[in-house]
Amino acid sequence: MRSFARDAWRYRNFILSSILADVRQRFARSRIGGAWVIIHPLAQVALFALILSKILSAKLPGIDSQFAYAIYLSAGILAWSLFAELLNSGATLFISNGELLKKIAFPRICLPIIMAGTALVNHVSLLLAILIIFTLLGHLPTRLLLWMPLLIVLMTGLGLGLGLVLGVLNVFMRDVGQVLQLLLQFGFWLTPIVYMPEILPDSVRPWLLLNPVQPLVRSYQDVLSFQQPPALGALLASALLAGLMLVLALWLFRRAEAELVDQL
């Protein structure tokens, strides 16, 4: 861990410039560039809200707004988008940077840090857009937003840990990326994002506890939609899981680091 931290600090300028370069490229590639990071999830919210709001609007106690379902949905998709981006980017991290790894000598740990930094820029941009929309809808932000940095750190830790594990495995087993897409589709619908967990049968709800991202998604919804503090027990469990995943990811990365370039 100390060597990883030392390498990252020595190459901090490289990491920061790489994140900024990636952000600039997104805006340079099309006329609205990085705005797609915001447009895609908001379009998804609009689609689900249009189709399902009439069905589920009566099942959203705690949100005093005619746009209750859209507000609830936005918070869930905001949380899921960060998790999914880290997993998708992590799974292809080393394969997509294969030429860079072969040509330039730098600490390999820089790549997942750059990936996480780029994902955080996208996430914060989407969060600000959603807060502006909430304000326009009359759902004014409160001081409970002070919980958001912690929630973002925990979600980033969980997503980065899982993404880095998948990225290493994908170098040696190229089917990992395909399996991930299938798992993410199931994961989205097995996470209470487009529905409230209370509408599920009592026999089904305990199974949600097996979903590692569910407590953090719920915490996002508590803070942004229901404007109440997140459950401390859920946060502690998420912090423990995120920490364990990061330790596992770094251990696996260290074990495989010497062979990564040979396999690419």
Side-chain angles (χ1 to χ4, degrees), residues 38 41-42 45 48-49 53 56-86 116 119-162 187-188 190-200 202 204-246:
I38 297 172
L42 291 184
V45 169
F48 280 123
S53 60
L56 297 177
S57 59
K59 302 181 183 294
L60 290 173
I63 306 178
D64 185 20
S65 172
Q66 60 178 320
F67 305 103
Y69 180 65
I71 292 169
Y72 173 81
L73 189 60
S74 297
I77 287 182
L78 173 68
W80 179 262
S81 65
L82 175 58
F83 180 72
E85 181 177 358
L86 288 168
L120 284 173
V121 171
N122 296 338
H123 188 65
V124 172
S125 300
L126 179 58
L127 172 60
L128 293 176
I130 285 176
L131 290 177
I132 292 172
I133 292 174
F134 281 6
T135 301
L136 295 175
L137 296 179
H139 189 72
L140 301 178
T142 69
R143 60 184 178 182
L144 288 171
L145 285 177
L146 294 174
W147 283 98
M148 288 306 300
L150 175 60
L151 300 184
I152 292 171
V153 167
L154 294 179
M155 185 66 85
T156 301
L158 179 61
L160 179 60
L162 285 171
F188 178 82
L190 292 176
T191 304
I193 295 174
V194 300
Y195 58 88
M196 292 279 289
E198 287 76 12
I199 71 173
L200 298 175
D202 292 339
V204 174
R205 290 184 205 174
W207 291 98
L208 294 178
L209 299 177
L210 300 178
N211 184 342
V213 76
Q214 186 269 338
L216 285 174
V217 171
R218 180 65 187 191
S219 297
Y220 269 70
Q221 293 164 338
D222 283 338
V223 170
L224 295 174
S225 301
F226 299 106
Q227 297 183 332
Q228 63 187 23
L232 292 181
L235 291 185
L236 289 175
S238 296
L240 179 60
L241 180 59
L244 289 174
M245 288 308 308
L246 283 173

Which heavy atom in [X] sits nearest to a heavy atom in [Y], and how many Å separate them?
| X | Y | value |
| --- | --- | --- |
| Ser238 | Pro215 | OG-CB, 3.6 Å |
| Tyr220 | Ala79 | CG-CB, 3.5 Å |
| Phe134 | Ile71 | CZ-O, 3.5 Å |
| Leu158 | Val213 | CD2-CA, 4.2 Å |
| Ala116 | Leu86 | CA-CD2, 4.0 Å |

Less than 4.5 Å apart, side chain to side chain, heavy atoms only: is that true for [X] and [Y]?
| X | Y | result |
| --- | --- | --- |
| Thr135 | Pro141 | yes |
| Tyr72 | Phe226 | yes |
| Phe83 | His123 | no |
| Leu235 | Leu151 | yes |
| Pro197 | Arg218 | yes |
| Val194 | Phe188 | yes |
| Leu200 | Leu208 | yes |
| Pro192 | Gln214 | yes |

For this session: Would you mind telling me which of Val153, Leu131, Leu224 makes a side-chain contact (heavy atoms from CB on, under 4.5 Å) with Met148?
Result: Leu224

Rounded to the nearest 0.5 Å, what separates atom [atom1] in [X] from atom [atom2] in [Y]?
| X | Y | atom1 | atom2 | answer |
| --- | --- | --- | --- | --- |
| Ile132 | Leu127 | CD1 | CG | 10.0 Å |
| Leu120 | Glu85 | CG | CD | 9.0 Å |
| Ile193 | Ser81 | CD1 | OG | 9.0 Å |
| Leu216 | Leu154 | CG | CG | 5.5 Å |
| Leu162 | Met245 | CG | CE | 4.0 Å |
| Asn122 | Leu126 | CG | CG | 9.0 Å |

For this session: Step by step, work out the side-chain contact (heavy atoms from CB on, under 4.5 Å) result for Thr142 and Val223.
Result: CA-CA 9 Å; Thr142 69; Val223 170; over 6 Å; no

Exercise. Can you name the residues that form a side-chain hydrogen bond (donor to acceptor under 3.5 Å, both in side chains) with Thr191, not counting sequence neighbours?
Worked result: Asn211

